[in-house]
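Atoms within a ligand are numbered from 1 in the order they appear, just like the ligands themselves. Only this structure's heavy atoms are used, side chains among them; waters, hydrogens and symmetry mates stay out.
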Amino acid sequence: MKRDEMLREANKYIEENRDKVKDGYYRLKYHIMPPIGWLNDPNGFVQFKGEYHLFYQFHPFSAESGLKYWGHYKSKDLIDWEELPVALAPTKCYESHGCYSGSAVDNDGEFTLLYTGNVKNDGVRSAYQILASSEDGIEFKKEDDPVIKEQPEGYTAHFRDPKVWKEGDYWYMVIGAQTIEEEGRVLLYRSKDLKSWEYINIIGGSNYNGFGYFGYMWECPDLFSLKGKDVLIFLPQGLEAKGDLYNNIYQAGYVIGNLDYNSGEYSYGEFIELDRGFDFYATQTTLDDKGRRLLIGWMGLPEEDHKYIEREEGWIHSMTIPRVLDLKNNKLIQKPIEELKELRKNHISYNDIILNNEEMNFVEVEGDVVELLVHFEEWNASSFGLKVRRSEDAKEETLIEYDSVGEKLILSRERSGRGGKGIRRVLLEDINKLKLQIFIDRSSIEIFVNEGVEVFSARIYPDKESKGISFFAKSGKVKLKKVEKWDLD
Ligand code: FRU
């Protein structure tokens with residue numbers, strides 16, 4: 001009864017109010033956003049009966065981080081997403097303060113979600129892991145009792161975000177945790193039937209197994225194998241900025257290692273940030289029927305709501321475009337999904353242009369919903385790059401610059417318009433070409449560097465007239481081997 005009421009009320013609210021936000025300029029054209037209200041983490045990313053499903057942390061009733069529901073989209077091609085009714089509402093006592101993040105699996109034709117029920121009574125938190133299942137992938141029925149009722153001894157109730165997968169005869173789960181000493185952990189569980197779970201071991205942690213202090217909580221873990229290695233993604237909270245590293249409020253990154261599935265022992269290397277931009281958190285991956293390990297992230301961060309200007313339009317936050325993961329030289333390589341090429345139209349291209357201590361723009365290379373491929377080589381300039389979302393008077397611009405002396409690629413939104421400001425940098429040593437694939441979508445920019453060795457994601461809030469793009473070299477030359485531009489439709 002109550003389930004139906006809460007879901008009905010949410011769906012009705014969305015229907016009655018969606019028109020209020022739809023014309024906002026900052027709404028994205030090819031990214032997943034909430035129809036109205038608040039979005040955060042991607043959840044339950046899975047392919048089921050040939051279709052991709054993506055759920056998300058959703059508070060439909062305002063552009064604030066309120067009580068969490070699960071919103072739901074599905075797609076045949078990761079491009080056209082169909083909005084489905086809200087999938088989960090926090091109806092049960094074990095989730096009274098929100099249906100928190102979790103994952104989905106196809107259990108032999110039964111679409112199964114595992115997620116965290118968040119409860120806060122008189123300021124005291126508890127966390128329950130909950131199973132819900134569905135045959136049609138639209139309506140979900142929750143188990144009466146949580147499948148994991150509490151965290152192991154020695155842990156706080158910051159115990160959440162189960163990510164589940166199958167390996168051999170067992171289902172495995174990694175889950176984010178915090179010790180009572182306030183150190184982040186990822187724990188491993190195992191189950192035969194998704195319902196009765198056995199705790200196996202600590203996969204990794206802050207001040208654990210020689211790793212050193214690395215934050216007070218690790219959220220949204222995700223463990224998967226790629227090219228014979230086991231990659232663990234997690235979100236450490238509580239790191240201090242260190243030069244160009246860890247400059248956002250919380251981080252999203254990974255380690256590469258080997259997991260012994262029997263003992264649950266995991267040995268791994270250094271932590272590497274997944275994204276070098278300003279707005280990136282809470283990723284989730286899935287393996288699709290093409291054998292691709294796909295990743296999607298929240299193009300936003302917790303606790304920085306005021307930086308996201310679309311709040312004024314009655315909605316907030318979006319996902320990144322989906323990325324395909326690969327492993328090379330002990331590093332994850334991230335590329336935009338090929339499917340995005342279907343959106344390309346109005347191709348413009350320029351080749352072999354030398355920029356010599358000057359700034360240039362090209363006819364028809366401009367826009368606010370575009371993809372750019374920019375290929376620089378043969379430089380002696382001390383720095384070079386491009387400026388996008390430029391206003392006519394050049395007072396507004398988003399700067400992408402390679403400092404060839406410091407060997408750093410820089411993204412500056414100091415003059416991007418409204419919203420968050422600042423500069424992010426990443427070291428790119430010993431390179432002799434710089435290839436940038438840039439996706440601009442109204443209030444976002446994603447930059448894939450040198451075939452996916454680095455990515456920068458950011459939200460930006462320029463004026464809607466600021467559509468200019470220019471290219472420059474300082475103190476020397478650079479060859480613009482190629483500039484290609486498409487409008488994305
Ligand atoms: C990450 C997170 C998760 C939690 C969810 C709540 O952004 O804090 O750990 O499940 O958001 O919305």
Side-chain angles (χ1 to χ4, degrees), residues 10 32 34 37-45 54-72 86-90 94-104 113-120 125-130 132 146 148 151 155-164 173-178 182 184-187 205-206 215-222 232-239 248-253 274-275 278-285 295-305 307-308 316-320 457 459:
I32 288 177
W38 169 285
L39 166 152
N40 58 293
D41 311 0
N43 293 151
F45 189 21
L54 186 78
F55 303 80
Y56 59 93
Q57 289 287 286
F58 187 23
H59 178 66
F61 303 106
S62 71
E64 311 283 331
S65 179
L67 189 63
K68 296 295 157 59
Y69 292 58
W70 275 35
H72 190 185
V86 176
L88 299 175
Y94 53 62
E95 57 184 9
S96 56
H97 292 69
C99 300
Y100 272 16
S101 285
S103 53
L113 311 178
L114 283 126
Y115 66 97
T116 301
N118 179 45
V119 175
K120 265 184 202 161
R125 182 188 285 268
S126 27
Y128 302 91
Q129 313 314 316
I130 302 166
I148 301 178
Q151 64 277 12
Y155 290 87
T156 73
H158 286 284
F159 178 63
R160 58 176 171 265
D161 312 332
K163 177 78 189 338
V164 176
M173 172 196 288
V174 278
I175 186 162
Q178 179 187 57
E182 300 198 358
R185 290 282 182 278
V186 174
L187 307 183
S206 170
Y216 57 79
M217 171 67 193
W218 289 11
E219 296 189 305
C220 299
D222 193 343
L232 173 67
I233 293 179
F234 59 95
L235 317 174
Q237 298 185 306
L239 303 187
N248 296 334
I249 177 169
Y250 305 133
Q251 322 310 321
L274 273 165
D275 194 284
F278 297 89
D279 304 290
F280 186 84
Y281 199 61
T283 58
Q284 192 162 100
T285 74
L295 174 142
I296 193 159
W298 171 22
M299 202 165 19
L301 281 166
E303 291 162 50
E304 303 209 315
D305 315 5
K307 293 187 178 167
Y308 300 91
I316 180 167
H317 293 307
S318 82
M319 299 300 174
T320 63
S457 303
R459 299 295 307 280

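- The six-membered or imidazole ring of Trp70 lies near that of Tyr115, with a centre-to-centre distance under 6.0 Å.
- Residues passing the salt bridge (charged side-chain N to carboxylate O under 4.0 Å, His left out) test with Lys68, sequence neighbours excluded: none.
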Note down each nitrogen or oxygen pair, ligand 1 side and protein side, whose separation is under 3.5 Å; give only atom names and the distance to 0.1 Å.
from	atom 1	to	atom 2	distance (Å)
ligand 1	7 (O)	Asp41	OD1	2.8
ligand 1	7 (O)	Asp41	OD2	3.3
ligand 1	8 (O)	Glu219	OE2	2.7
ligand 1	9 (O)	Arg160	NE	2.8
ligand 1	9 (O)	Asp161	OD1	3.4
ligand 1	9 (O)	Asp161	OD2	2.6
ligand 1	9 (O)	Glu219	OE2	2.8
ligand 1	10 (O)	Ser101	N	3.1
ligand 1	10 (O)	Asp161	OD1	2.5
ligand 1	11 (O)	Asn40	ND2	3.4
ligand 1	11 (O)	Asp41	OD2	3.1
ligand 1	12 (O)	Asn40	ND2	3.0
ligand 1	12 (O)	Gln57	OE1	2.7
ligand 1	12 (O)	Lys68	NZ	3.3

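- The side chain to side chain donor-acceptor pair (under 3.5 Å) search around Thr156 returns Gln178, not counting sequence neighbours.
- Taking the ring centroids of Tyr308 and His317, they lie under the 6.0 Å cut-off.
- Partners of Tyr128 by side chain to side chain donor-acceptor pair (under 3.5 Å), not counting sequence neighbours: none found.
- Salt bridge present: Asp222 and Lys163 bring a charged side-chain N and a carboxylate O closer than 4.0 Å.
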